[in-house]
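Here is the structure we will look at, set down as structure tokens.
Both backbone and side-chain heavy atoms feed into the values below; hydrogens, waters and symmetry mates do not. Bear in mind the structure is a predicted one, so any value in this text is a computation, not a measurement. So you know, we letter chains A, B, ... as the sequences are listed, proteins then strands, and number each from 1.
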Amino acid sequence: GAGVSQSPSNKVTEKGKDVELRCDPISGHTALYWYRQSLGQGLEFLIYFQGNSAPDKSGLPSDRFSAERTGGSVSTLTIQRTQQEDSAVYLCASSRYRGDTYEQYFGPGTRLTVT
Amino acid sequence: LAKTTQPISMDSYEGQEVNITCSHNNIATNDYITWYQQFPSQGPRFIIQGYKTKVTNEVASLFIPADRKSSTLSLPRVSLSDTAVYYCLVGTGGFKTIFGAGTRLFVKA
């Protein structure tokens, strides 16, 4: 079946502009995660959605970052007034609790470059 | 969330068995141990998950001692294509997850 998809695959923007990154999770997956990965670094947790519960936003680095998930499916990560330090690969993952496993399926990521 | 510690990098040769150990001294009773693999320019991929003792699948084995304060990912007979970053995670499903820096495995011919 279809995996997690993300768009765009690459985004180049000027400092100060707003950007929107999209994630389409696997159908039926109730949990959705956003991570950020800078070059050569590990993954940095940003935000987590689970069903209709309030999202866990504890990883968002500043109030310039926000995310929403509409209808329990598609999610959009918005970065306002982008800065050069926002340049990174933004990864989305989804999962479905299956008994004692909760494997996360990752999308290919969106590479954001702020010039 | 339990913190994990794993080696920054490891080198191996094709055909060898590779063991990567992860320390998680503060693991909670309900926590599972999960390993992911990440190739360059790709998102991480689930390898294996366990709670205690030993788990084996077609890709790897996971050894967990009785005190569960550490775990060892074992990759049998690695090939060049196993060169990747390996992440050890500890936690339960349904919450945010923390990926550390991972272990960079270099497999040489």
(request) Heavy-atom distances under 4.5 Å only: say whether B:Tyr51 touches chain A with side chain, backbone, both or neither. (result) neither
Is it true that [X] and [Y] fall in one hydrophobic cluster, defined by side-chain heavy atoms closer than 4.5 Å?
| X | Y | value |
| --- | --- | --- |
| B:Val18 | B:Val55 | yes |
| A:Leu46 | A:Tyr105 | no |
| B:Val85 | A:Tyr33 | yes |
| B:Phe63 | B:Val90 | no |
| B:Met10 | B:Phe39 | no |

(request) May I ask you to decide if A:Gln104's main-chain N or O and B:Tyr36's side chain share a donor-acceptor pair within less than 3.5 Å? (result) yes
(request) Name the region of A:Leu43, side chain, backbone, both or neither, that has any atom closer than 4.5 Å to a heavy atom of chain B. (result) both
(request) Name the region of A:Glu44, side chain, backbone, both or neither, that has any atom closer than 4.5 Å to a heavy atom of chain B. (result) neither
(message) For a 4.5 angstrom cut-off between non-hydrogen side-chain atoms, does A:Leu91 reach B:Gln38?
(response) yes
(request) Pick whichever of A:Arg111, A:Gln41, A:Gln37 has the most heavy-atom pairs under 4.5 Å with chain B. (result) A:Gln37
(request) Decide if atom CG of A:Asn52 counts as having more than 12 heavy atoms of other residues, nucleotides or ligands within a radius under 6.0 Å. (result)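 Open: at most 12 neighbouring heavy atoms sit under 6.0 Å from CG of A:Asn52.
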(request) Search all heavy atoms of B:Arg104 against all heavy atoms of A:Gly40 and return the closest pair with its distance. (result)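 Closest approach of B:Arg104 to A:Gly40: NH2-O, 3.0 Å.
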(message) Just checking B:Phe99 against A:Phe45, ring centres under 6.0 Å apart?
(response) no
